[in-house]
Amino acid sequence: MSSSEDHWYRLLTDYANGFMVSQVLFAACELGVFDLLAEAPGPLTVAALAAALGASCHAMERLLDACVSLKLLKVEMRGGRAFYGNTEMSRVYLSRVSPTSQCSMLLYMARTTYHCWGRLAQAVREGRNQYLHTFGVPAEELFTAIYRSEGERVQFMQALREVWSVSGRSVLTAFDLSLFPLVCDLGGGAGALAEQCLSLYPGCHITVFDLPEVVRVAKEHFSLPGDEQIRFQEGDFFKDRLPEADLYILARILHDWADGKCSQLLERVYQSCKPGGGILVIESLLDEDRRGPLLTQLYSLNMLVQTEGQERTSSHYHALLSSAGFRDFQFKKTGVIYDAILARK
Ligand SMILES: C[S@@+](CC[C@H](N)C(=O)[O-])C[C@H]1O[C@@H](n2cnc3c(N)ncnc32)[C@H](O)[C@@H]1O
């Protein structure tokens, strides 16, 4: 085999086995490996980890060693025995006690997203999500489907919160939002982005608007900001009157919906927006030729298997926003996963 064939074969093997890497990460999270190591006074042996987590010793050893190769764990040898500990990556992002933990999103990906991706070829044949086949729920009941039980609803809402602990500042400082004292975060979930917005722009007042069940769960299961500058309002953004605001934030909302539904929603936002007000769309932007970034292309396929929507280019959002009446567009690639678009009424 020539060295270039060797290169292609290695690349092919990496692609084919990529799902195993995800599963090692998911399994270690689900078993609580990183949490136990975060709480332990020092590195632990396989036997100690397996006993505490109720797992098989020989299987746990394989999992831990794979984690070491993936830099999710580190290992040191003492007296001929291996002691495992968290790396910087797992300490910061994989233990639940960390304020930047991404565990709930990883568990959501393991339990829901992964199963939907198992039907990717069929989703491409049909051009629609696979919830009916994967979970027995029709596509049009998307958000009922995502929220199949109270536990999953809480987990999904927590999962959605997590990314903003890492990327919230970048998207909220892409533009100067201090011009907008009255803000509405449409589909704002449990209010993580609203909290960040308030910490960056202490003068603003924010209404977090979401479906009644989501607002109820947010109030019951999350420690919401006690601050009176953030309030929650229940409603359906396709049907109910939207709160008055100078700025509407739509973070990861439009990518859930087909163009027709996006236009419907944007027209409603335009009607409610004060003159001179704005709309901040936070999404992962595809390059204009749609050749990248790869992560956004993968997210767009993720929208295919899980929702009615897609990831879009800046000009696609420009067309949707301008046909709803918005003008004065500004686009900002933030360098993190999510980008920002500001337009004015
Ligand atoms: C993908 S999540 C994004 C949540 C949040 N903006 C974020 O970025 O973390 C979509 C949100 O839209 C909400 N949502 C979906 N349909 C809605 C509707 N018809 N009216 C109000 N909120 C809705 C969901 O409950 C969910 O909180």
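Every value quoted in this text rests on a predicted model; they were computed, and no experiment measured them. Counting convention: from 1, in listed order, for ligands and their atoms alike.
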Asker: Is it possible for you to check whether Lys74 lies under 6.0 Å from the centre of the six-membered ring of Tyr84, through NZ or CZ, and within 45° of that ring's axis?
Answerer: no
Asker: Record the part of Ile253 in heavy-atom contact with ligand 1 below 4.0 Å; permitted values are side chain, backbone, both and neither.
Answerer: side chain
Asker: With respect to Asp185, determine whether any N or O atom, backbone or side chain, lies less than 3.5 Å from an N or O atom of ligand 1.
Answerer: no
Asker: I'd like to know if the side chain of Ser272 reaches the main chain of Arg268, judged simply by a donor and an acceptor atom lying under 3.5 Å from each other, with no hydrogens or angles considered.
Answerer: yes
Asker: Identify, by atom number and element, the atoms of ligand 1 in contact range of Leu160, meaning under 4.0 Å from any of its heavy atoms.
Answerer: 2 (S), 4 (C), 9 (O)
Asker: Does even one non-hydrogen atom of Leu193 get within less than 4.0 Å of ligand 1?
Answerer: no
Asker: Tell me whether Arg252 has any N or O atom under 3.5 angstrom from an N or O of ligand 1.
Answerer: yes
Asker: Mark up the atoms of ligand 1 that fall under 4.0 Å of a heavy atom belonging to Trp164, in ascending order.
Answerer: 7 (C), 8 (O), 9 (O)
Asker: Does Arg252 make a cation-pi contact with Tyr338 (under 6.0 Å, within 45 degrees of the axis)?
Answerer: yes
Asker: Determine, considering heavy atoms only, which of Ile282, Leu211, Asp210 sits nearest to atom 25 (O) of ligand 1.
Answerer: Asp210
Asker: Please confirm whether the backbone N or O of Leu198 pairs with a side-chain atom of Gln229, one donor and one acceptor, at under 3.5 Å?
Answerer: no
Asker: Which bit of Val214 is near ligand 1, meaning a heavy atom under 4.0 Å away: side chain, backbone, both or neither?
Answerer: side chain
Asker: Out of all atoms in ligand 1, which are within 4.0 Å of some heavy atom of Asp236? Include the element for each.
Answerer: 18 (C), 19 (N), 20 (N)
Asker: Between ligand 1 and Phe237, is the shortest N or O to N or O distance under 3.5 Å?
Answerer: yes
Asker: Would you mind listing which atoms of ligand 1 come within a distance below 4.0 Å of any non-hydrogen atom of Phe238?
Answerer: 19 (N)
Asker: Show your working on side chain to side chain contact (heavy atoms under 4.5 Å, CB included) between Trp164 and Leu160 and close with a plain yes or no.
Answerer: CA-CA 8 Å; Trp164 301 128; Leu160 288 171; 5.9 Å; no
Asker: In the single-linkage hydrophobic clustering (I, L, V, M, F, W, Y; side-chain heavy atoms under 4.5 Å), do Val75 and Val24 co-cluster?
Answerer: yes
Asker: Would you call Asp236 and Arg241 a salt bridge, using N to O less than 4.0 angstrom?
Answerer: no
Asker: State whether Phe326 and Lys345 meet the cation-pi test: NZ (Lys) or CZ (Arg) under 6.0 Å from the six-membered ring centroid, and within 45° of the perpendicular axis.
Answerer: no
Asker: Pull out every atom of ligand 1 sitting under 4.0 Å from any heavy atom of Asp256, numbered as shown with elements.
Answerer: 1 (C), 10 (C)
Asker: Would you mind running through ligand 1 and noting each atom that sits below 4.0 Å from a heavy atom of Ala251?
Answerer: 3 (C), 5 (C), 6 (N), 7 (C), 8 (O)
Asker: Does one hydrophobic cluster hold both Leu70 and Tyr93, with members joined at side-chain heavy-atom distances below 4.5 Å?
Answerer: yes
Asker: Would you mind running through ligand 1 and noting each atom that sits below 4.0 Å from a heavy atom of Gly235?
Answerer: 20 (N), 21 (C)
